[in-house]
Amino acid sequence: MNSISVSDTVLKIEKLNIVFNSYVYRRETIRDRFVRAVGSPLSSLRSNKNQLHVLKDFNLEVKKGERLGILGHNGSGKTTLCRCIAGMLIPSTGRISVNGTRRSIFNTTIGIIPELTGRENAYLLSVLMFPELENDERNDLLEEALEFSELGDFLDTPYMHYSKGMQARLCLSVISSNECDLLILDEVFDGADMFFQEKIAKRVLNLIKNSGAVVFVSHNLEQIRTACNQVMVIDGGNAWFKGDVEEGIKLYTSRGH
Amino acid sequence: MDNNFKYKLLIRQIYELAKANMRSRYRKTIAGFLWVVLNPIIMYSVQSFVFRKFLKLEVPNYSLFLLCGLLPWIFIVMTADMVTPILDFSGELLKSFKMSPAVLVYAQVLDNFINFIFAFFLILIPTWIFSDQTFSGVIFLPVALALLVAGVSSACWLLSVMQVFFKDIRFIVSFLTSILFFLTPVFYPVEFVPEKYRIFVDFNPIYAMIEPFRYCIYNYNLELLCKSLLRSFVVCCMIFTLAVGFWKRKKNEFYLSL
């Protein structure tokens, strides 16, 4: 991952290709191999070199102030793209350049050490997500986030006893407490209850507005309408539309998604 | 972000997570932090008693001799056992947001190392004081400890990354350490091993990390101590190179395999 000098561009992706080898996600035990060798001796001699081409010659530029919503059916490569931008996956070929700090969130019910209390887990989550913060800054941020979560006395009970909704409340409150240059959010509103979803949506929207640029993945079109000012539709490993939100949503729905 | 600042942040994360690990481990137990020393003390006492009284090993000052080998051994085996599956079992967490997987590994190593240091000195100091051994080797103890923690950290990083790709690793580690306990001169002196079987000792990486403790505490000999420290250093470098090499080769597939 490289830094880019054009100050207005926060994210630039050039000719990105992501290819997964089938053996990575299809492991065989000795028993499987034996059964395959007995069942089909010839095919077992051939090496298993199937490849899955998830993103093909993918190009993208996101400028400061852009809030890009990504639409696409399951398995179209949205999460893979986000993980690449986050620096978790390394492109097979191509280049991803990010100007500034980036933060990515793919799950909102994370417990770092479930045996510890919600408050302790919130602290750990902030240390792992925002390690650059000084202690005073972190304490202020946590105090505000924990108050926002409205978990009250539950904050001092073990995280492992929390319901999914309570876990989402705590994580979303901490995650949404600090802005950055590039924010990557992959279906972050799932899990929280109806009342809290409205409350957190406002907070996340505020975070989105204060962050430099945002890449936002959601299947909820209303959320895309509220949060984004650009839409990209991905299909078959390519971006076949990038532009106006309403136009993008219309194209996405008209393709039978 | 420059590299120094990145490492500083990484160390901060490791320290905070190790602290939290320690807090969570003994929460709700009656003995609490006492378990840190109880486990090695019990192991050490029972083995010391059995080998001295039942097997009647002819080793002068056997308690101190056993202490130098057994406690580092417990640290190495316990840490490898705990850390090997750590990345594999933390897949959900690692895929939730971008964080260095090394934080999880090194935080657990640090947690175990702090426990080991407590237990080591709590048992070592009284045993050493009541023995007639010289204290000259004490100045080399920090070097032996540094090499031990460096070797264990590298080995744990290698094993935990391997476990993500090969799910059999933790079973192999557990099986190998059980065998190695008898093949490593922990409860008997290296001199007891016949010349033709010395290969098990010469190519035993765990013994390479344990040996300097013997020469620092039990059997101080500057020349042999320097040789053993050098051997330990070479083993550390080899494990580190293997760990870095394996990570570089496999890092592209790491998140896919979680």
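Chain naming here is simple, since letters A, B, ... match the order of the sequence lines and numbering starts at 1 in each. Keep in mind that this is a model prediction, so the values were computed, not measured.
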Legend entry - Residue A/L133 versus chain B: region with a heavy atom under 4.5 Å: backbone
Legend entry - Donor-acceptor pair, side chain of A/E115 and main chain of B/S24, under 3.5 angstrom: no
Inset, instruction - Please say whether more than 12 non-hydrogen atoms of neighbouring residues, nucleotides or ligands are located less than 6.0 Å from CD1 in B/I199. - result: no
Inset, instruction - Hey, could you give me the OG/CE distance between B/S96 and A/M88, rounded to the nearest 0.5 Å? - result: 7.5 Å
Inset, instruction - Mind checking the CG-NZ spacing from A/L89 to B/K251? Nearest 0.5 Å is all I need. - result: 12.5 Å
Inset, instruction - Under 4.5 Å heavy-atom distance to chain B, tell me which part of A/R83 shows up: side chain, backbone, both or neither. - result: side chain
Inset, instruction - Flag yes if more than 12 heavy atoms outside B/F121 fall under 6.0 Å of its CZ atom; otherwise flag no. - result: yes
Legend entry - Side-chain heavy-atom pair A/N107, B/L93 within 4.5 angstrom cut-off: no
Inset, instruction - Indicate yes or no: at least one non-hydrogen side-chain atom of B/F97 is less than 4.5 angstrom from one of A/I110. - result: yes
Inset, instruction - First locate atom CD of B/E16, then atom CD of A/E120, and finally report the distance between them rounded to the nearest 0.5 Å. - result: 11.5 Å
Inset, instruction - Please flag which part of A/I113 lies under 4.5 Å from any non-hydrogen atom of chain B: side chain, backbone, both or neither. - result: side chain
Legend entry - Heavy-atom side-chain contact between A/F106 and B/K95 under 4.5 Å: no
Legend entry - Test side-chain contact (heavy atoms from CB on, under 4.5 Å) applied to A/E132 and B/F5, step by step: CA-CA 9 Å; A/E132 70 285 353; B/F5 188 60; 4.3 Å; yes
Legend entry - B/M238 atom CE: more than 12 heavy-atom contacts under 6.0 Å: no
Inset, instruction - Give a yes or no on whether B/F246 atom CZ has more than 12 heavy-atom contacts from other residues, nucleotides or ligands under 6.0 Å away. - result: yes
Legend entry - Heavy-atom pair of closest approach, residues B/R12 and A/P131: NH1-O, 2.6 Å
Inset, instruction - Under 4.5 Å heavy-atom distance to chain B, tell me which part of A/T80 shows up: side chain, backbone, both or neither. - result: neither
Inset, instruction - Step through the shown structure and confirm whether more than 12 heavy atoms of other residues, nucleotides or ligands are within 6.0 Å of CZ on B/F240. - result: no
Inset, instruction - Count the heavy atoms of every other residue, nucleotide or ligand shown that sit under 6.0 Å from CZ of A/F154, and state whether that count exceeds 12. - result: no
Legend entry - Sequence-distant partners of B/Y44, side chain to side chain donor-acceptor pair (under 3.5 Å), two or more places apart: none
Legend entry - Interface moiety of B/L94 toward chain A, non-hydrogen atoms closer than 4.5 Å: backbone
Legend entry - Segment of B/N21 engaging chain A (4.5 angstrom heavy-atom cut-off): both
Inset, instruction - Sort out for me which of B/E92, B/K98, B/M99 touches chain A most, counting heavy-atom pairs under 4.5 Å. - result: B/K98
Legend entry - B/F181 atom CZ, neighbour heavy-atom count above 12 within 6.0 Å: yes
